[in-house]
**Student:** 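Let me begin by handing over the structure; questions about it come next.
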Amino acid sequence: MADIMRQEVEKLSGLREQVKKMGGEEAVNRQHERGKLTARERLDLLIEKGTFVEVGMLGSELGVDKLVPADGVVTGYGKLNDGVTVRDVAVIAYDFTVRGGSMAVVGETKANKIREIAFKQRIPIIWLIDSGGARVSGGGLSGERIPYFADSGYLFKEESLMSGVIPQIAAMMGPGFAGTAYIPGLSDFVPMVKGRCFMGLGGPALVKMTIREDLTEDELGGSKIHCEISGCGDLEVNSDEDCIKAIKQYLSFFPQNCDQKPPRAEWQEDPMSLIADGILDVLPDNRREAYDMHDLMKYVVDDGYFFEIKPKWGRNIIVALGRIAGYPVGIIANNPMFYGGVIDVDAADKAARFVWLCDAFNIPLLFLADVPGYMVGSKAEKSGIIRHGAKMIHAVSEATVPKFTVIVRKAYGAGYYGMCGRAFDPDLLVAYPGAEISVMGPEGMVSIFARKQLAEAEKPDEMVEQLAQEIRPQFRIDKTAVLGIVDDVIDPRETRRVLFRALEFTKDKKIFRHPRKHGVYPV
């Protein structure tokens with residue numbers, strides 16, 4: 001009996017080794033020639049050595065005598081070291097060396113199991129996507145299995161229900177067309193490897209056949225398209241290694257699930273010390289002159305480091321994760337370098353989704369406001385600025401995490417509301433000296449109230465400037481502070497100190513809203 005067991009163990013060992021070879025040496029070499037790591041190499045970078053528990057390793061394609069290693073997808077769970085904490089995560093890594101990483105019956109059975117584990121154990125789930133989509137042969141949807149498509153789609157329902165409960169990351173490290181395109185569409189964070197990944201509801205062949213567009217994968221759904229134009233991608237990275245690094249950096253700001261608080265990083269410096277005088281030079285003397293809000297943010301956050309999301313899309317607003325004395329914060333900041341920091345359709349969508357993300361996982365929100373308002377004009381109205389702007393206001397209104405607002409230079413009109421003005425329950429509302437809060441800027445106000453004089457003036461532009469300067473003193477934050485509407489006017493060098501105290505004071509904040517199923521969200 002012992003001899004039989006030894007033979008079985010040796011057979012099992014050989015089978016495991018064969019599975020670990022994935023699609024074989026030739027397929028692995030092709031993967032490397034494309035500049036991509038294999039699914040198992042990616043897992044070695046993502047998961048701490050010796051902690052990965054693979055689930056369904058011996059799975060293979062239905063109805064095929066030949067071994068199809070892991071049926072094209074490696075699934076399991078293990079420990080991830082994000083630099084702040086070591087945490088359990090669940091992983092689904094599509095293996096392009098095996099059947100192009102396509103989704104088939106056994107592979108999806110394995111993926112179902114991992115999603116179930118992630119949801120039950122309340123741990124983050126990470127997809128490493130390098131897949132041609134649904135398999136249309138063998139154990140896929142060919143022949144007699146086509147009718148079974150009517151019993152598919154559970155993945156997308158489950159992702160929707162897991163949303164806001166556990167962090168969901170979909171790393172685009174190769175193709176992700178058709179079914180695998182909705183995985184990132186429903187995930188919280190979508191990093192994309194430049195020149196290596198593509199996503200779309202239909203691949204080039206299908207697009208050419210149906211609407212006669214002849215496009216390359218990159219033209220159709222590459223990282224530039226989705227990180228700069230569509231907004232579906234969150235971060236463009238240069239390599240698989242950079243992608244894995246970004247996943248870890250992102251997760252370091254998050255708890256395991258919605259019932260926990262995000263981890264506080266170690267911080268040795270005195271949080272009550274003043275920021276360097278250089279912060280006083282960020283804002284230009286000329287109020288109309290643009291500056292880069294990133295420069296101010298670097299002074300405020302720990303070590304000048306923040307993790308920006310969607311940095312190339314909706315660039316007139318910045319959303320980023322940072323820390324203050326180790327405490328994670330989600331930062332929403334207008335950037336005057338782009339369109340003067342006005343909030344347009346993309347900026348409103350970008351901010352709203354980020355607010356919902358941070359609120360779901362108990363990450364406090366910091367608003368750095370320098371906003372002239374929401375975009376106006378026929379183009380803005382045709383693109384739906386009202387409903388998109390309402391989406392941002394809706395998100396800020398219902399957020400129950402600690403909210404802190406700093407009026408950096410100005411906050412005009414509904415832009416003041418979207419950036420968490422007094423009515424939106426900020427736990428802290430402070431401003432820098434010279435800041436302005438008003439229904440609109442002085443120039444706009446003059447153009448309305450003095451329109452008859454301006455119509456008759458020889459030099460209307462000069463008149464606008466002159467009248468604006470005359471009424472500008474009424475806009476100053478001093479007038480607002482006298483009314484007690486802002487909590488304080490602070491020296492910019494005090495920003496970290498003030499925010500740290502606010503974070504400490506509100507760390508156990510609880511708000512109870514009226515019971516409801518959910519709001520009716522603007523779209």
Side-chain angles (χ1 to χ4, degrees), residues 1-34 36-80 88-118 120-121 123 125-132 134-145 148 155 173-174 180 240 244:
M1 184 64 70
D3 289 340
I4 293 176
M5 178 58 73
R6 287 189 179 91
Q7 291 173 7
E8 291 296 329
V9 167
E10 288 178 8
K11 182 179 177 181
L12 174 62
S13 178
L15 179 57
R16 285 178 169 174
E17 287 303 313
Q18 192 175 352
V19 171
K20 288 179 181 178
K21 292 178 181 178
M22 298 167 286
E25 184 177 354
E26 186 177 339
V28 169
N29 288 338
R30 284 198 300 269
Q31 182 83 344
H32 289 160
E33 287 168 3
R34 296 186 183 103
K36 300 194 294 184
L37 298 177
T38 66
R40 294 187 181 276
E41 288 169 336
R42 291 163 178 162
L43 283 168
D44 287 342
L45 289 177
L46 183 70
I47 303 298
E48 291 294 281
K49 186 176 181 180
T51 69
F52 186 63
V53 177
E54 187 167 349
V55 176
M57 181 182 188
L58 304 184
S60 186
E61 186 173 297
L62 284 179
V64 178
D65 293 333
K66 180 182 176 182
L67 175 68
V68 178
D71 202 26
V73 60
V74 184
T75 57
Y77 53 89
K79 299 285 186 182
L80 179 147
D88 287 305
V89 296
V91 187
I92 298 171
Y94 291 98
D95 180 3
F96 197 78
T97 71
V98 177
R99 298 283 199 268
S102 53
M103 304 165 75
V105 175
V106 173
E108 282 311 287
T109 299
K110 293 167 52 177
N112 291 345
K113 179 62 176 177
I114 294 304
R115 293 196 301 272
E116 181 182 347
I117 288 172
K120 282 184 177 179
Q121 302 305 320
I123 61 175
I125 186 166
I126 302 168
W127 282 269
L128 305 180
I129 297 178
D130 192 358
S131 168
R135 192 174 303 171
V136 292
S137 62
L141 293 172
S142 63
E144 73 280 0
R145 293 210 59 84
Y148 281 89
L155 159 60
M173 309 180 85
T180 42
D240 283 9
I244 299 297

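All residue numbers refer to positions in the sequence shown, counting from 1. Please read all numbers here as calculations on a predicted model, not as lab measurements.
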**Student:** Is it the case that the side chain of T75 and the backbone of A111 share a donor-acceptor pair, with hydrogens and angles ignored and the cut-off at 3.5 Å?
**Tutor:** no
**Student:** Could you grab the distance from atom CD1 of I244 to atom CG of L80, nearest 0.5 Å is fine?
**Tutor:** 9.0 Å
**Student:** Hey, what do you get for CD (E41) to CD (Q31), rounding to the nearest 0.5 Å?
**Tutor:** 8.5 Å
**Student:** Looking at K36 and D130, is any side-chain nitrogen of the basic one under 4.0 Å from a carboxylate oxygen of the acidic one?
**Tutor:**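 Salt bridge between D130 and K36, a charged N being under 4.0 Å from a carboxylate O: yes.
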**Student:** Got a second to check how far H32's NE2 is from L37's CG, nearest 0.5 Å?
**Tutor:** 6.0 Å
**Student:** Can you name the nearest heavy-atom pair linking K110 to A70, along with the distance?
**Tutor:** NZ-O, 2.8 Å
**Student:** Consider salt bridge (charged side-chain N to carboxylate O under 4.0 Å, His left out). Of R40, K113, R16, which one does E54 pass it with?
**Tutor:**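 Among R40, K113, R16, the one that satisfies the salt bridge (charged side-chain N to carboxylate O under 4.0 Å, His left out) with E54 is R40.
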**Student:** Considering only heavy atoms from C-beta outward, does the side chain of W127 approach that of R115 to under 4.5 Å?
**Tutor:**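 Contact flag for W127/R115 side chains = yes.
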**Student:** Checking S13 side chain against V9 main chain: does a donor-acceptor pair fall under 3.5 Å?
**Tutor:** no
**Student:** Any heavy-atom pair between the side chains of L128 and V74 that's under 4.5 Å?
**Tutor:** no
**Student:** Over all heavy atoms of both residues, which pair between V68 and V98 is shortest? Give the atoms and the distance, please.
**Tutor:**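 Of all heavy-atom pairs spanning V68 and V98, the closest is CG1-CG1, 3.4 Å.
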**Student:** How far does CZ of R99 sit from CZ of R135, to the nearest 0.5 angstrom?
**Tutor:** 6.0 Å
**Student:** Check E25 with K21, please: is the shortest side-chain N to carboxylate O separation under 4.0 Å?
**Tutor:** no
**Student:** Does the side chain of L58 reach to within under 4.5 Å of the side chain of S60, using non-hydrogen atoms?
**Tutor:** no
**Student:** I need the M5 CE to L12 CG distance, nearest 0.5 Å.
**Tutor:** 10.5 Å
**Student:** The test is salt bridge (Lys or Arg N to Asp or Glu O under 4.0 Å); show your working for R30 and E26 and say whether it passes.
**Tutor:** CA-CA 6 Å; R30 284 198 300 269; E26 186 177 339; 3.1 Å; yes
**Student:** Just so I know, are the side chains of M57 and K20 near enough to count as touching, which here means a heavy-atom distance under 4.5 Å?
**Tutor:** yes
**Student:** How many angstroms lie between atom CZ of F96 and atom OG1 of T38, to the nearest 0.5 angstrom?
**Tutor:**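 So the gap between those two atoms works out to 13.5 Å.
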**Student:** Counting only pairs under 3.5 Å, give me each side-chain donor-acceptor contact of residues 88-95, with atom names and distances, residues two or more places apart or in other chains.
**Tutor:**
{"unit_1": "D88", "atom_1": "OD1", "unit_2": "K79", "atom_2": "NZ", "d": "3.3"}
{"unit_1": "D88", "atom_1": "OD2", "unit_2": "K79", "atom_2": "NZ", "d": "3.3"}
{"unit_1": "Y94", "atom_1": "OH", "unit_2": "E108", "atom_2": "OE2", "d": "3.2"}
{"unit_1": "D95", "atom_1": "OD1", "unit_2": "T97", "atom_2": "N", "d": "3.0"}
{"unit_1": "D95", "atom_1": "OD1", "unit_2": "T97", "atom_2": "OG1", "d": "2.7"}
{"unit_1": "D95", "atom_1": "OD2", "unit_2": "T97", "atom_2": "OG1", "d": "3.3"}

